[in-house]
Protein chains: 2
Amino acid sequence: MVIIQNVGQYLLDNGIKPSIQRIKIFDFLMKNHEHPTVDKIFLSLSDEIPTLSKTTVYNTLKLFQSQGIVNIVNIEDHETRYDCDTSFHGHFKCLECKNLYDFELENTELNINKFEGFKITESHYYLKGLCKSCLSNKI
Amino acid sequence: MVIIQNVGQYLLDNGIKPSIQRIKIFDFLMKNHEHPTVDKIFLSLSDEIPTLSKTTVYNTLKLFQSQGIVNIVNIEDHETRYDCDTSFHGHFKCLECKNLYDFELENTELNINKFEGFKITESHYYLKGLCKSCLSNKI
DNA sequence: TATATTTTTGCAATCATTACAGATTTATAA
DNA sequence: TTATAAATCTGTAATGATTGCAAAAATATA
Ligand SMILES: [Mn+2]
Ligand SMILES: [Mn+2]
Ligand SMILES: [Zn+2]
Ligand SMILES: [Zn+2]
């Protein structure tokens, strides 16, 4: 994962004009690696930016996606989560504590040779189950 | 993938009473491997069962899921698709023609050793890009 | 400073899904 | 068979996430 020192510059480098809202939203994603939902982001930033509109959160995340600095994590069909870590990695969700874990994944590990002549632009790998601590609590 | 001769019996074997609606919905999934949406299933069966309710389609698919004979394919966040092939396999979606392709995947191929002490109950592997024929059409 | 452009906001509209209650069908027992 | 109970199905209303849109606010340009 890339470490970003200056969010404003990072946005500029990716063709995004760094408004207050955009900076705070990206900053929130960086500091909250639990892959928050729109609602989580909106509610969390409402203190800091009392005038913030949920539409702005939606618009901003869409902009971030289109510029490739944010990805959707779609591990559950009823909740859309966002991830500013665009490096190749997988996601595990514990069905008990609902926590979402990142995990590393060798790109080559999944290089499917069944797709001769196909062009693969996106890949998502999702696992679900019970995490270590939830499992030990069950004993 | 398991080949099912008798849908009614298959439902019974999986603890589901085989009503007309349930049989036709499962049958539709078997015969239409493009992983249809609720809308597609509902519209397609409306001729055969003019009284069919969309609620029934939702309820039935939920029942099938709970009995483990149908899985959700959540490759796009705005469309929920259903799959009666519960064997382990991955999905590829062509962003041009929108077709959804199954692909085989060795279970062991993806057995992540990073999850010592975790219990994995579900895994989904989604790829997106351009399929062979769409790529060749672009030339 | 005046004007144009971009961004944000708030609310209405849309769309998929769920809740619910009544109708219909199927199972059970007299 | 007939009456009663249980299960299933249906139609509509409610919910909730997302999008559309037009006005307001902020920022850039002349
Ligand atoms: Mn992640
Ligand atoms: Mn499939
Ligand atoms: Zn857990
Ligand atoms: Zn294609």
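Every chain is numbered from 1 and lettered A, B, ... according to where its sequence line falls, protein lines coming before strand lines. The structure presented is a predicted model; accordingly, all values stated were derived computationally and were not measured.
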**Study point:** Hydrophobic cluster identity match, B:Phe28 and B:Leu43, side-chain contacts under 4.5 Å
**Key:** yes
Check your understanding: Would B:Glu76 and B:Lys128 pass as an ion pair if we require N to O under 4.0 Å?
Key -> yes
Review point. Nearest of D:dC9, C:dT9, D:dG11 to any side-chain atom of A:Asn59?
Key: C:dT9
Point to revise | Interatomic distance, A:Leu12 CG vs D:dT27 P [rounded to whole Å] | key: 14 Å
Practice item. Nearest whole angstrom, please: distance from the C1' of C:dT8 to the NZ of A:Lys24. Key: 16 Å
Review point. In whole angstrom, what separates B:Glu76's CD from D:dA17's C1'?
Key: 17 Å
Review point. Choosing from D:dT12, D:dC9, C:dT17, which nucleotide comes nearest the side chain of B:Thr80?
Key: C:dT17
Practice item. Verify the contact: side-chain N or O of A:Tyr58 to OP1 or OP2 of D:dT19, cut-off strictly under 4.0 Å; return yes or no. Key: no
Point to revise | Rounded interatomic separation in angstrom, taking CD1 from A:Ile25 and P from C:dT7 | key: 13 Å
Exercise for review: Could you check how far CD1 of A:Ile16 sits from P of C:dT7, rounded to whole Å?
Suggested key: 10 Å
Practice item. Could you work out which one of C:dC11, D:dG11, C:dT8 sits closest to the side chain of A:Arg22? Key: C:dT8
Exercise for review: In whole angstrom, give the distance that lies between atom CD1 of B:Ile20 and atom P of C:dT25.
Suggested key: 9 Å
Point to revise | Separation of atom NE2 in B:His78 from atom P in C:dC15, rounded to whole Å | key: 13 Å
Check your understanding: Run the side chain to side chain contact (heavy atoms under 4.5 Å, CB included) check on B:Ser133 and B:Cys97 step by step: do they pass?
Key -> CA-CA 9 Å; B:Ser133 62; B:Cys97 64; 5.5 Å; no
Practice item. Answer yes when A:Glu79 and A:Lys98 have at least one side-chain N-carboxylate O distance shorter than 4.0 Å, and no when they do not. Key: no
**Study point:** Residues within residues 33-53 of chain B bordering DNA chain C, heavy-atom distance below 4.0 Å
**Key:** none
Revision key, fill the gap. Between A:Leu29 and A:Tyr82 the two heavy atoms that sit nearest each other are CD2-O, 3.9 Å
**Study point:** Spacing between B:Leu63 atom CG and D:dA7 atom P, to the nearest angstrom
**Key:** 13 Å
Check your understanding: Are B:Phe118 and A:Tyr101 an aromatic pair by the rule of ring centers under 6.0 Å?
Key -> yes
**Study point:** Side-chain-base donor-acceptor pair under 3.5 Å for A:Ser19 and C:dT8
**Key:** no
**Study point:** Options D:dT12, C:dG10, C:dT8, nucleotide nearest the side-chain atoms of B:Thr55
**Key:** D:dT12
Point to revise | Closest non-hydrogen atom pair between A:Leu127 and B:Ser123, with its separation | key: CD2-CB, 3.1 Å
Check your understanding: Between B:Lys54 and B:Lys17, which is nearer to the 5' end of DNA chain D once each is assigned its nearest nucleotide?
Key -> B:Lys17
Review point. Does B:Gln21 put a side-chain nitrogen or oxygen below 4.0 Å from OP1 or OP2 of D:dT10?
Key: yes
